[in-house]
Amino acid sequence: MSSATLNRGGRAGAVILALAGWVVKFVAVVLVIATFNFILVHAAPGDPAQVIAGQSGASDEKLLEQLRAEYGLDKPYPVQLATYLGRVLTLDLGYSYRQQRTVSSLILERLPATLLLTATAFILALFAGIFLGTLAGIRAGKWSDTLLTVVSLLLYATPVFWLGLMLVLLFAVQLDWLPAFGYATIGVQQTTLQRMLDIGMHMILPVTSLAAIYLAIYTRLMRSSVLDVTHQDFIKTAKAKGLKQGAIIIRHILRNAMLPIVTVAGMQAGALVGGAVVIETVFAWPGLGRLIYDALLQRDYPVLLGVFLVMSVIVIALNLLTDAIYRLIDPRVSVRAAS
């Protein structure tokens, strides 16, 4: 057998071992997160059986015992935890106490709306923040830099829910330009294009509200990063070689200044889903945030645990994607990892 064949076999084995290690780590992290979620949810005051019995108008002890036995709430916490982790390993998220549906179906029904909202807000905040931060960094000390700094600080200091309410009052109530609530117009027959435009109009206010604070963060961070890179020696060398300003900005400044943005954006992409809870409540957006809010009021443990688990998996996947993008932007990371 040739040495080349042995080398290929060795590399393939290394890749398989790396993938196996990643899968083991992923499962371990998911189980740890699921355990913490279970402990925190059950530590909250309130009992699903009491809530269900109270809303039905009958809260005698016999009914409570019957409900607890039906939903397995009468078992010791370690037994409940073991049962829940066993279901997680088989991808079974359980059954909703209140809606009498599988948690998986509820999440799959609401997840597209949340992903549409958060992904649009994230992309808007990221690209606008990179553009405005670059503009402010290049024009540091000028009136445009001062204006962008003041606006970004105001957006950062403004509560998300308050900004959302003010946008509704201005653009939906006073000017009547945009719809205030919901995902789309109900009870109207529309073509595919008309429905897409209708959903887009409903997205403007919630997306703007959700993206505002992250836009401010990325603008400030990009400005600082551009200022730092601009004073590096390789930028001075590029200027000395006679490169045009546009080429220096695109090829050298942007590529290096975006590294902190990628790191922060990757960590905050998952936080957008958490921030969507408030926005979806304000704008009656039918996503996971609204599902969490309703399940919390109803003490619907399986729904809460299922949504938290799905959100955790999304955050882990986004962190892995961030690491891959970081390696593409900065090949030195791959070199250091290999050494």
Side-chain angles (χ1 to χ4, degrees), residues 17 19-111 114 267 270-271 273-278 280-281 287-320:
L17 287 176
L19 290 175
W22 180 86
V23 171
V24 171
K25 291 178 182 178
F26 179 81
V27 173
V29 170
V30 169
L31 289 177
V32 171
I33 291 174
T35 301
F36 275 106
N37 287 341
F38 184 90
I39 294 173
L40 291 175
V41 167
H42 284 76
D47 185 348
Q50 292 177 343
V51 174
I52 296 173
Q55 291 179 349
S56 63
S59 57
D60 59 281
E61 193 62 30
K62 185 176 181 180
L63 176 60
L64 291 177
E65 292 178 359
Q66 180 181 350
L67 289 172
R68 291 191 180 102
E70 180 181 352
Y71 297 127
L73 300 173
D74 58 337
K75 299 177 181 178
Y77 275 173
V79 175
Q80 294 185 44
L81 176 59
T83 303
Y84 171 65
L85 293 180
R87 290 203 308 264
V88 169
L89 290 175
T90 59
L91 303 180
D92 180 10
L93 300 181
Y95 206 75
S96 171
Y97 297 156
R98 294 293 304 168
Q99 303 195 42
Q100 298 300 307
R101 292 175 56 187
T102 60
V103 175
S104 300
S105 65
L106 288 171
I107 292 177
L108 290 176
E109 184 181 274
R110 302 289 191 99
L111 185 59
T114 293
M267 292 187 296
V273 181
V277 175
V278 177
E280 289 181 5
T281 303
L288 290 182
R290 184 71 183 182
L291 184 62
I292 292 175
Y293 178 77
D294 294 336
L296 185 61
L297 293 180
Q298 298 167 352
R299 299 298 187 272
D300 200 340
Y301 289 166
V303 174
L304 287 174
L305 292 172
V307 175
F308 290 160
L309 184 65
V310 170
M311 291 170 62
S312 301
V313 171
I314 291 175
V315 171
I316 295 172
L318 289 173
N319 285 332
L320 293 174

For this session: List the atom of Ser96, the atom of Asp300, and the distance in Å for their closest heavy-atom pair.
Result: OG-OD2, 2.6 Å
Donor-acceptor contacts under 3.5 Å from residues 82-92 side chains, at least two apart:
from  : atom 1 : to    : atom 2 : distance (Å)
Thr83 : OG1    : Val79 : O      : 2.8
Thr90 : OG1    : Gly86 : O      : 3.4
Thr90 : OG1    : Arg87 : O      : 2.9
Asp92 : OD1    : Gly94 : N      : 3.0

Problem set entry | Shortest non-hydrogen contact from Gln80 toward Phe38 | CB-CZ, 3.6 Å
For this session: Could you pull out all residues at least two apart from Thr102 that satisfy side chain to side chain donor-acceptor pair (under 3.5 Å)?
Result: Ser105
Exercise. What's the spacing between Phe36 CZ and Leu31 CG if we round to 0.5 Å?
Worked result: 12.5 Å
Seminar exercise, completed: Rounded to the nearest 0.5 angstrom, the CG-CD1 distance for Leu291 and Ile107 is 7.0 Å
Exercise. Of all heavy-atom pairs between Glu280 and Leu288, which one has the smallest distance, and what is that distance?
Worked result: OE1-N, 3.4 Å
Between side-chain atoms of residues 304-314 and protein atoms elsewhere (two or more places apart, or another chain), which donor-acceptor pairs fall under 3.5 Å?
from   : atom 1 : to     : atom 2 : distance (Å)
Ser312 : OG     : Phe308 : O      : 2.8

